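In what follows, a single structure is set out as structure tokens and then discussed.
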Amino acid sequence: MSKEITSRSEDYSQWYNDLVLKAGLADYSAVRGCMVIKPYGYALWENMRDVLDKMFKDTGHQNAYFPLFVPKSLFEAEEKNAEGFAKECAVVTHYRLKNDPANPGKLIVDPEAKLEEELVVRPTSEAIIWNTYKKWIQSYRDLPILINQWANVVRWEMRTRLFLRTAEFLWQEGHTAHATKEEAVEETVKMLNVYADFAENWMAMPVVKGVKSANERFAGAEDTYCIEALMQDGKALQAGTSHFLGQNFAKAFDVTFINKENKAESVWATSWGVSTRLIGALVMAHSDDDGLILPPKLAPIQVVLVPIYKGPESKETIDAKANEIVNQLKAKGIKVKYDNDDNSRPGWKFAEYEMKGVPVRVALGLRDIENNVAEVARRDTKEKKSMSMDGLAETIEHLLNEIQENIFSKAMTFRNEHITKAENWEEFQQLLDTKGGFVSAHWDGTSETEDKIKNLTKATIRCIPNDNLMEEGSCILTGNPSSQRVLFARAY
RNA sequence: CGGGAGGUAGUUCAGCUCGGUAGAAUACUUGGUUUGGGACCAAGGGGUCGCAGGUUCGAAUCCUGUCCUCCCGACCA
């Protein structure tokens, strides 16, 4: 047991906070609700970003960059979107400070520098982007436009949590424009699948793909598709969304194109995004009371090599052998760190790299070298084994794959065990209170019922799964007829 | 934004009730011994007690304001 962090059973929230801070992922800042992402956390984000970026490019998208500020008049153009975000917008009203005549050395906002029109700090970029697309689109030949941007956005949240909900966060937002509804819907689904692929095959985090109910839909969207993940405390977390925006933004920003029949039509739109929230998801999906457990495919350090010195004369021998192993691992493209820092002892390093979630640790001492072996420890199961130095790089390469698969299947098993059917209201409540996870239940399809259930239980409809079976039943709350089950859960 | 808790050395915290020269552990620096699960010895450095006012001869301590964090709630694509 670690003496550094609160255990999950004692206080899950505190465990999460301790972990993020002590593993060196992030730190609090002097700005309310805004965090500092530290090098180790940022390295993790860079790995995630690079993989996603390649996936976006492989599906035909290009990166571009749009301004941080949105003039208020543009922001309010799409009414539902504006209304949805209005109460959490940071707004720039002035462009200059000046010395405070009453208080030397202090600054005040210069009242003479008031902006004619306020600038909204983007909470999302549909407005500024569709205002731009208007200029770019005249003909069907200009479509589709498939653009992604990596950016920061600001949402003035009332209550923030490291990575899971911060006032400023990093994300990517894809914004595409299409000539037909079918093509836009296809794009929306395609990107949802990209997200699910990334979550499952890179983050080792199983997700349910589905569509949101009207209550949970993105402001301004016709349909919001999502991937929903399950955390170890039984709460759900929305890990990514892909929106079919219909022609709402095209109409709000007057973006039309001339089709092959020489007729003007409104453009069809999608937008889709994932954020640094995924780091929070990754932490909560796999880690334990000793620290992070990172999937090898995304870990900033995949293998750490720790020398066990015995007297100064052993250093040369061990360093030489260690460098040999490092080079073999590097030749296989494995990210390896040789930690021969003599200021901390092996035991300290073991605990430290467990905290940081490094998937594989190799300990190397004279004893091992004499026997032509190395001690290999895996983070996920904490299993330690002496392994032959012959073909060690291959052994470790396979082990990394095995760890990736193991943490995925462990998370998958947990997730599957936490999708439970509820047949009546008592059962529904009891499942939420005692077991947690997703509760699969019939719902009459109305927003009113969903609101009532939320007020009574704090559970929301996470999604209507894509591959849902049609099944006659009656609503868990009202008893009204229902044609399919939906997934309820308490969520982050 | 409502309720609760908190902010003192890099970190975790004591001191505050009852005002009187700023403390511990750990971390850090230097030297040495060490190294198979968070080493040991010796010496050394480090805090305008979150910030701003006020009361007082004197404030970490009492009062007011403010900023930040955590927990619960409301809110949240």
Side-chain angles (χ1 to χ4, degrees), chain A residues 1-6 11-14 16-18 20-22 27-35 80-81 83-88 103 106 123-124 126 153 155-162 164-167 169 171 173 211-226 228 237-245 271-275 277 290-291 306-312 314-315 318 339-355 361-369 371 373-375 377 382 384 386 454-455 458 460 462-463 491-492:
Chain A
M1 284 290 287
S2 168
K3 55 185 178 186
E4 299 270 359
I5 57 176
T6 309
D11 185 339
Y12 193 83
S13 293
Q14 194 58 51
Y16 174 79
N17 287 329
D18 285 354
V20 168
L21 296 172
K22 299 217 163 111
D27 205 350
Y28 294 114
S29 76
V31 190
R32 195 202 88 96
C34 297
M35 65 175 178
K80 282 186 180 158
N81 185 251
E83 195 187 315
F85 285 105
K87 59 186 174 298
E88 51 191 73
N103 218 342
K106 303 288 183 184
T124 181
E126 277 80 1
V153 289
R155 296 179 187 179
W156 214 263
E157 300 286 356
M158 283 299 154
R159 190 171 163 196
T160 58
R161 298 198 66 191
L162 294 168
L164 297 174
R165 179 169 288 113
T166 47
F169 56 93
W171 78 344
E173 47 182 327
V211 64
K212 289 289 189 190
S213 64
N215 282 16
E216 301 283 320
R217 193 178 290 152
F218 177 73
E222 297 284 308
D223 260 321
T224 288
Y225 294 76
C226 63
E228 291 285 326
L237 185 131
Q238 177 178 299
T241 46
S242 183
H243 313 293
F244 168 62
L245 301 174
S271 69
W272 28 273
V274 295
S275 72
R277 180 179 235 207
D290 293 318
V306 178
I308 315 288
Y309 295 129
K310 271 256 166 45
S314 71
K315 290 192 182 182
I318 295 173
D339 187 352
N340 62 346
D341 178 359
D342 203 19
N343 292 316
S344 42
R345 288 160 54 104
W348 191 90
K349 291 176 188 172
F350 293 171
E352 180 64 16
Y353 291 109
E354 276 162 16
M355 180 67 76
R361 180 186 75 228
V362 179
L364 188 67
L366 284 181
R367 201 171 75 198
D368 303 298
I369 294 174
N371 297 320
V373 296
E375 184 195 79
K382 306 206 73 180
K384 286 194 284 195
S386 249
K454 185 180 176 182
N455 289 335
K458 293 181 202 159
T460 50
R462 300 321 302 160
C463 70
Y492 278 96

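Protein chains get the first letters and strands the later ones, always in sequence-line order, with residue 1 at the start of each. Here the structure is a predicted model, which is why all the values come from computation and not from measurement. Only heavy atoms go into these numbers, but all of them, side chains included; no hydrogens, no water, no symmetry mates.
A straight line from OH of A:Tyr492 to P of B:C76 spans 19 Å, rounded to a whole angstrom. Distance A:Asn340 CG to B:G36 C1': 17 Å, rounded to the nearest Å. As rounded to whole Å, 11 Å separates atom C1' of B:C28 from atom CG of A:Asn343. Rounded to whole Å, the distance from OH on A:Tyr309 to C1' on B:A39 is 17 Å. B:G36 atom P lies 12 Å from atom CZ of A:Arg361, rounded to whole Å. Between A:Lys22 atom NZ and B:U12 atom P the separation is 7 Å, expressed in whole Å. Counting to the nearest Å, the C1' atom of B:C28 and the CH2 atom of A:Trp348 are 13 Å from each other. For the pair A:Ile308 CD1 and B:A39 P, the interatomic distance rounds to 12 Å; values are reported in whole Å.
Within the 4.0 angstrom heavy-atom criterion, no nucleotide atom of any strand lies near A:Phe244. Using a 4.0 Å heavy-atom cutoff across all strands shown, A:Trp171 reaches at least one base atom of the nucleic acid.
Taking the P atoms as reference points, B:C70 lies 46 Å from B:U34, given to the whole Å. The C1' atoms of B:A9 and B:A60 are separated by 14 Å, rounded to the nearest whole Å. Spacing of C1' atoms, B:G7 relative to B:U61, comes out at 15 Å, to the nearest Å. Look at the C1' atom in both B:U56 and B:G20: the space between them is 12 Å, to the nearest Å. Spacing of C1' atoms, B:U55 relative to B:G47, comes out at 25 Å, to the nearest Å. To the nearest whole angstrom, the two C1' atoms, one in B:G15 and one in B:C75, are 40 Å apart. With P as the reference atom, B:G50 and B:U8 are 6 Å apart, rounded to whole Å. When the C1' atom is used for both B:G36 and B:G32, the distance is 23 Å, rounded to whole Å.
B:C1 is paired with B:G73 under the criterion used here, namely a Watson-Crick or G-U wobble arrangement in which both key atom distances are under 3.5 Å. Under the Watson-Crick or G-U wobble criterion, with both distances below 3.5 Å, B:G19 is left unpaired in every strand shown. Using the Watson-Crick or G-U wobble rule with both distances under 3.5 Å, B:U48 pairs with nothing in any strand shown. Pair check for B:U35 finds none; no Watson-Crick or G-U wobble contact set falls under 3.5 Å. For B:A9, there is no paired base (Watson-Crick or G-U wobble, both distances below 3.5 Å). In this entry B:A60 has no Watson-Crick or G-U wobble partner, no candidate having both defining distances under 3.5 Å. The partner of B:A43 is B:U29, by the rule that a Watson-Crick or G-U pair needs both atom distances under 3.5 Å.
Among the nucleotides B:G38, B:C76, B:G36, the one closest to any side-chain atom of A:Met355 is B:G38. Considering only side-chain atoms of A:Met158, the nucleotide from B:G36, B:G38, B:C75 that sits closest is B:C75. Taking the side chain of A:Glu157 as heavy atoms from C-beta on, and the options B:G37, B:C76, B:G36, the nearest nucleotide is B:C76. With B:C76, B:G37, B:G38 as the choices, the nucleotide that has an atom nearest any side-chain atom of A:Lys454 turns out to be B:C76.
At least one side-chain heavy atom of A:Glu173 sits under 4.5 Å from a side-chain heavy atom of A:Thr124. A:Thr6 places none of its side-chain heavy atoms less than 4.5 Å from the side chain of A:Asn17.
At least one cation-pi condition fails for A:Arg277 and A:Phe169: the charged atom is not both under 6.0 angstrom from the six-membered ring centre and inside a 45 degree cone around its axis.
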Atom pairs under 3.5 Å: protein N/O with N/O of nucleotides 67-72 of chain B:
from: B:U69; atom 1: OP1; to: A:Gly33; atom 2: N; distance (Å): 2.7
from: B:C70; atom 1: OP1; to: A:Tyr28; atom 2: OH; distance (Å): 3.1
from: B:C70; atom 1: O3'; to: A:Asn17; atom 2: ND2; distance (Å): 3.2
from: B:C71; atom 1: OP1; to: A:Asn17; atom 2: ND2; distance (Å): 3.1
from: B:C72; atom 1: OP2; to: A:Arg159; atom 2: NH2; distance (Å): 2.3

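Minimum heavy-atom separation, A:Asn343 to A:Asp341: N-OD1, 2.9 Å. Here the shortest heavy-atom pairing between A:Ala167 and A:Thr160 reads N-CG2, 4.0 Å.
Between A:Glu352 and A:Ala491, it is A:Glu352 whose nearest contact on RNA chain B lies nearer the 5' terminus. Closest-nucleotide positions on RNA chain B for A:Glu354 and A:Pro312 were compared, and the one nearer the 5' end corresponds to A:Pro312.
Not a single ring-ring contact (aromatic ring centres under 6.0 Å, His included) links A:Trp156 to another residue, sequence neighbours left out.
For B:G37, the base has a donor-acceptor partner in the side chain of A:Lys384 [N/O atoms by modelled type, under 3.5 angstrom].
At least one side-chain nitrogen or oxygen of A:Arg345 sits closer than 4.0 Å to the OP1 or OP2 atom of B:G36.
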Evaluate the side-chain hydrogen bond (donor to acceptor under 3.5 Å, both in side chains) criterion for residues A:Tyr353 and A:Asp339: first the C-alpha distance (whole Å), next the side-chain angles of each, then the deciding distance (0.1 Å), finally the verdict. CA-CA 10 Å; A:Tyr353 291 109; A:Asp339 187 352; 2.6 Å; yes
What do the steps show when you test A:Glu228 against A:Lys212 for salt bridge (charged side-chain N to carboxylate O under 4.0 Å, His left out), and what is the final call? CA-CA 10 Å; A:Glu228 291 285 326; A:Lys212 289 289 189 190; 2.7 Å; yes
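The distance from atom CZ of A:Arg217 to atom NE2 of A:His243, rounded to the nearest 0.5 Å, is 11.5 Å.
Across A:Asp368, A:Asn340, A:Ile308, A:Leu366, a single residue satisfies side-chain contact (heavy atoms from CB on, under 4.5 Å) together with A:Ile318, and that is A:Leu366.
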